[in-house]
Peer 1: 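Below is a structure I'd like to ask you about.
Worth knowing before you read on, the calculation uses all heavy atoms, side chains too, and leaves out hydrogens, waters and symmetry mates. Bear in mind that the values here come from a model prediction, so they are computed numbers and not experimental data.
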Amino acid sequence: MNLEGKHILLGVSGGIAAYKSCELLRLLQKKGAEVRVCMTEAATQFVAPLTFASLSRCPVYLKNGAAEARPFQHIDFPRWADIYLVVPATANVIGKFAFGIADDPVSLCFMSCSCERFIAPAMNVAMYNSPAVNRNLEMLRSFEHTHVLESPAGFLACGEVGQGRLLEPAQIVEHLENYELLSTNYEKKNGTDSVPVSEAQKFLEETAKFEAPVSHNSSIVVGNSSRRVLITAGRTEEAIDPVRYISNRSSGKTAVALSAVFLANGYDVEVVAGPMEAEFPGGVKVTRVRSACEMHDAVLARQPEVDALVHCAAVADYRPKVAAAEKIKDSRSQLVIELVPNPNILRDCSAARREASGANSRLASQVIVGFALETDHFKEHAAEKFQKSGADALLLNAPVASDSGFGKDNVRYALVEHDKPIPELAMGSKVELAETIVNFCSSRLAPSGN
């Protein structure tokens with residue numbers, strides 16, 4: 001089977017095997033498939049939605065009220081899909097599928113979809129062998145376009161041995177390939193090329209290709225592939241000697257969320273990234289740097305080629321005036337390191353835009369968004385930085401709560417704009433933060449009258 005160009009909806013329910021769905025998503029992408037994800041609330045306790053959003057380059061469909069949910073997503077996602085995979089499928093969602101209960105994204109999508117559905121059970125051997133689960137699986141096997149992938153025996157997460165293991169991701173991909181091959185042979189044997197589809201359904205399938213799912217609270221103007229955004233990411237490291245440096249705690253998660261949401265809305269995404277732990281989704285062009293000066297040069301070189309510039313990196317304000325060529329020995333005496341200011345990348349980019357001639361209309365009309373991380377007197381410090389920056393907007397964030405900020409999926413933030421009062425900081429996910437910035441950039445880049 002050739003998965004190239006297939007639309008695959010991946011439903012993830014709340015079992016320990018949920019982490020394997022990340023590997024499955026990657027394998028499907030390597031085969032050329034486009035993947036979107038829906039999750040039960042329990043599944044989010046095993047894998048953060050931001051992980052799937054980043055990997056799939058599309059916001060995840062979560063339970064109503066979540067940042068990534070929107071009206072009719074339970075219809076839009078299944079209608080978009082050529083294949084619906086539920087991996088892992090717990091005893092709970094299997095029971096819902098069998099009896100028509102639809103109270104979470106995974107079961108809602110199962111109820112709504114008319115494409116081929118593949119279910120990969122994963123649970124303890126006692127649950128898998130229970131009469132209720134066996135009855136429910138048998139019912140599902142009788143459903144049209146529904147296929148239950150048999151669970152192999154082996155070591156289970158609980159330490160027991162028996163049936164109930166999740167099929168390995170590579171095996172699931174192999175099942176998909178084999179199924180389509182058989183389906184194609186059957187159609188040729190019966191003299192049919194494809195299943196008849198109404199004109200209305202064809203229209204929906206074609207338009208679905210261009211839809212970009214966003215928050216039900218957002219009003220993102222969908223971009224197109226001619227729009228380019230450049231994002232700075234991660235942190236910088238300023239060398240003291242060959243083994244020591246000055247840096248900060250930025251993980252790069254916010255930049256990853258920005259990349260995923262910009263991609264989902266049709267932008268070409270480039271990143272200039274310093275050291276960081278988070279990984280970018282496929283489709284992002286990444287230039288790696290280490291120091292603030294390296295980042296400054298890389299960003300200024302690429303600036304004229306992009307429509308929007310988001311300065312998300314945590315750039316060191318100072319660097320050692322002289323970096324020692326050899327490791328500084330421990331003499332136990334006082335050591336003084338003289339520091340000098342690093343170039344201000346945001347201000348230099350704003351200056352370059354101001355000086356742009358009419359010959360480069362892209363640079364002259366570029367949207368620039370800066371970041372301001374503050375730990376006290378938030379509004380005063382943000383207002384001062386905004387005034388000096390020359391940017392169109394400034395994302396104020398305050399990573400001072402125990403459950404938010406560096407390395408976390410949530411953060412306190414507010415968007416600072418010209419001629420508007422600075423709003424109070426609100427707690428939200430980094431995907432929500434990213435949507436706020438994409439909203440702003442898209443509205444500024446939208447043609448007049450849109």
Peer 1: With the threshold set at 4.0 Å, does a side-chain nitrogen-carboxylate oxygen contact exist between E168 and R165?
Peer 2: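 Between R165 and E168 there is a salt bridge, with a charged N closer than 4.0 Å to a carboxylate O.
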Peer 1: With a 4.5 Å cut-off on side-chain heavy atoms, are S429 and L50 touching?
Peer 2: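 Answer no - side chains too far apart.
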Peer 1: Counting distance only, does the side-chain N/O of T436 pair as donor-acceptor with the main-chain N or O of E432 below 3.5 Å?
Peer 2: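 Judged by distance alone, yes, a pair lies under 3.5 Å.
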Peer 1: Does any N or O in the side chain of S389 come within less than 3.5 Å of the main-chain N or O of R347, such that one atom is a donor and the other an acceptor?
Peer 2: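 Not a single qualifying donor-acceptor pair exists.
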Peer 1: Compare every heavy atom of L149 with every heavy atom of P121, then report the nearest pair and how far apart it is.
Peer 2: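 Shortest heavy-atom separation between P121 and L149 comes out as CD-O, 3.1 Å.
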Peer 1: State, yes or no, whether a side-chain contact exists between H175 and L167 at a heavy-atom distance under 4.5 Å.
Peer 2: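 Contact flag for H175/L167 side chains = yes.
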Peer 1: Would you confirm whether D392, through its side chain, and V369, through its main-chain N or O, come within 3.5 Å as a donor-acceptor pair?
Peer 2: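 Such a contact is absent between D392 side chain and V369 backbone.
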Peer 1: Please test R117 against T146 for side-chain hydrogen bond (donor to acceptor under 3.5 Å, both in side chains), starting from the C-alpha separation and ending with a verdict.
Peer 2: CA-CA 5 Å; R117 302 177 292 198; T146 303; 2.9 Å; yes
Peer 1: Once you measure the plane-to-plane angle for Y267 and F262, does it fall in the parallel (<30°), tilted (30-60°) or perpendicular (>60°) bin?
Peer 2: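 Taking F262 first and then Y267, their aromatic rings stand perpendicular (interplane angle over 60°).
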Peer 1: Kindly say whether the aromatic ring centers of F371 and H311 come within a distance under 6.0 Å.
Peer 2: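 No, the ring centres sit 6.0 Å or more apart.
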Peer 1: Is any side-chain heavy atom of K63 closer than 4.5 Å to a side-chain heavy atom of T44?
Peer 2: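 A side-chain contact under 4.5 Å is absent here.
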Peer 1: Can you tell whether the side chains of K321 and E338 come within less than 4.0 Å, N to carboxylate O?
Peer 2: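 Yes, this pair counts.
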Peer 1: Are there over 12 heavy-atom neighbours, none belonging to Q171, within less than 6.0 Å of that residue's CD?
Peer 2: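 Enclosed: over 12 neighbouring heavy atoms sit under 6.0 Å from CD of Q171.
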Peer 1: Between H147 and Y179, is the gap from one ring center to the other below 6.0 Å?
Peer 2: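 Ring-ring flag for H147/Y179: true, centres closer than 6.0 Å.
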Peer 1: Pick one: which of D297, V286, V289 meets side chain to side chain contact (heavy atoms under 4.5 Å, CB included) with V272?
Peer 2: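 Only one of D297, V286, V289 forms a side chain to side chain contact (heavy atoms under 4.5 Å, CB included) with V272, namely V289.
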Peer 1: Test salt bridge (Lys or Arg N to Asp or Glu O under 4.0 Å) on R235 and E277; report intermediate values, then the result.
Peer 2: CA-CA 10 Å; R235 56 188 178 266; E277 284 69 50; 2.9 Å; yes
Peer 1: Between CG of N248 and CD of E237, what distance do you get to the nearest 0.5 Å?
Peer 2: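 Result: 9.0 Å between the selected atoms.
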Peer 1: Quick one: pull up CG in D104 and NZ in K96 and give me the separation to the nearest 0.5 Å.
Peer 2: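 If I round to the nearest 0.5 Å, the distance is 4.0 Å.
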Peer 1: If only atom types and distance count, is the side chain of S442 paired as donor or acceptor with the main-chain N or O of N439 below 3.5 Å?
Peer 2: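 No.
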Peer 1: Tell me, do P320 and I246 make a side-chain contact under 4.5 Å, heavy atoms counted?
Peer 2: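 P320 vs I246: side chains touch.
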Peer 1: Quick one, S112 with Y84, criterion side-chain contact (heavy atoms from CB on, under 4.5 Å). Give me CA distance, side-chain angles, the key distance, then yes/no.
Peer 2: CA-CA 11 Å; S112 303; Y84 183 28; over 6 Å; no
Peer 1: Strictly distance-based, threshold 3.5 Å: is any side-chain N or O of D348 a donor or acceptor partner for the main-chain N or O of L300?
Peer 2: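 A pair under 3.5 Å: no.
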Peer 1: List the steps, then state whether side-chain contact (heavy atoms from CB on, under 4.5 Å) holds for C38 with V106.
Peer 2: CA-CA 6 Å; C38 59; V106 174; 4.1 Å; yes
Peer 1: To the nearest 0.5 Å, tell me how far S350 OG sits from N344 CG.
Peer 2: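 Spacing of OG (S350) from CG (N344) equals 8.5 Å.
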Peer 1: Indicate the atoms forming the closest heavy-atom contact of A324 with I328, along with that distance.
Peer 2: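 What the structure gives for the nearest pair is CB-CG1, 3.9 Å.
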Peer 1: Just by distance, do the side chain of E305 and the backbone of R302 share a donor-acceptor pair under 3.5 Å?
Peer 2: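 Not confirmed, E305 side chain does not pair with R302 backbone.
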Peer 1: Please report the closest heavy-atom contact between V310 and C441, naming both atoms and the distance.
Peer 2: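 Taking every non-hydrogen atom into account, CG2-SG, 4.5 Å.
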Peer 1: If you take all heavy atoms of A391 and G370, which pair is closest and at what distance?
Peer 2: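 Answer, listing the atom of A391 first, then G370: CB-N, 4.2 Å.
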Peer 1: With a 4.5 Å limit on heavy-atom distance, are the side chains of C113 and L9 in contact?
Peer 2: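 A side-chain contact under 4.5 Å is absent here.
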Peer 1: Is a side-chain N or O of Q366 found less than 3.5 angstrom from the main chain of Q303, in a donor-acceptor match?
Peer 2: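 Yes, Q366 side chain to Q303 backbone: donor-acceptor pair under 3.5 Å.
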Peer 1: Where do V173 and L24 land on the side-chain contact (heavy atoms from CB on, under 4.5 Å) test, with the steps shown first?
Peer 2: CA-CA 8 Å; V173 172; L24 174 60; 3.8 Å; yes
Peer 1: Using a 6.0 Å cut-off, check whether atom NE2 of H418 has over 12 heavy atoms from anything other than its own residue.
Peer 2: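 Counting other residues, nucleotides and ligands, NE2 of H418 exceeds 12 neighbours.
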Peer 1: To the nearest 0.5 Å, what is the distance between CG (L27) and CD1 (I172)?
Peer 2: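 Answer for the CG-CD1 pair, L27 versus I172, is 9.5 Å.
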Peer 1: Search all heavy atoms of I422 against all heavy atoms of K379 and return the closest pair with its distance.
Peer 2: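 Result for this residue pair: O-NZ, 3.3 Å.
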Peer 1: Charged N to carboxylate O under 4.0 angstrom, E374 versus R412?
Peer 2: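 Salt bridge: no.
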Peer 1: If you look at every heavy atom in C312 and T254, which pair is closest and at what distance?
Peer 2: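 Here C312 and T254 meet closest at SG-CG2, 3.7 Å.
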Peer 1: Given T90 and T40, is the side-chain contact (heavy atoms from CB on, under 4.5 Å) satisfied, shown in steps?
Peer 2: CA-CA 11 Å; T90 61; T40 65; over 6 Å; no
Peer 1: Is the shortest heavy-atom distance from the side chain of P275 to the side chain of R290 under 4.5 Å?
Peer 2: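 Yes, at least one pair of side-chain atoms sits under 4.5 Å.
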Peer 1: Within a reach of under 6.0 Å around CD of E41, are more than 12 heavy atoms found that belong to other residues, nucleotides or ligands?
Peer 2: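 At most 12 heavy atoms, drawn from other residues, nucleotides or ligands, come within 6.0 Å of this atom.
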Peer 1: Strictly distance-based, threshold 3.5 Å: is any side-chain N or O of Q29 a donor or acceptor partner for the main-chain N or O of V35?
Peer 2: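 Side chain of Q29 to backbone of V35: no pair is present.
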Peer 1: Using 0.5 Å steps for rounding, measure from the CZ atom of F386 to the CG atom of L346.
Peer 2: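 Going from CZ on F386 over to CG on L346, the span is 10.0 Å.
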Peer 1: Any chance you could measure S365, atom OG, to R353, atom CZ, to the nearest 0.5 Å?
Peer 2: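 Taking OG in S365 and CZ in R353, the distance rounds to 9.0 Å.
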Peer 1: May I ask you to decide whether R36 forms a salt bridge with D76, counting only side-chain N to carboxylate O separations under 4.0 Å?
Peer 2: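 Salt bridge absent between R36 and D76.
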Peer 1: Apply the side chain to side chain contact (heavy atoms under 4.5 Å, CB included) test between S54 and each candidate in V256, L263, V431, V284; give the one that qualifies.
Peer 2: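 Exactly one candidate clears the test, V256.
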Peer 1: Are any of the side-chain heavy atoms of I8 and L3 separated by less than 4.5 Å?
Peer 2: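 The answer is yes; the side chains approach within 4.5 Å.
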Peer 1: Would you confirm whether R354, through its side chain, and G390, through its main-chain N or O, come within 3.5 Å as a donor-acceptor pair?
Peer 2: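 A pair under 3.5 Å: no.
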Peer 1: Is there a side-chain contact between S21 and V87, using heavy atoms and a 4.5 Å cut-off?
Peer 2: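 In short, these two side chains touch, coming nearer than 4.5 Å.
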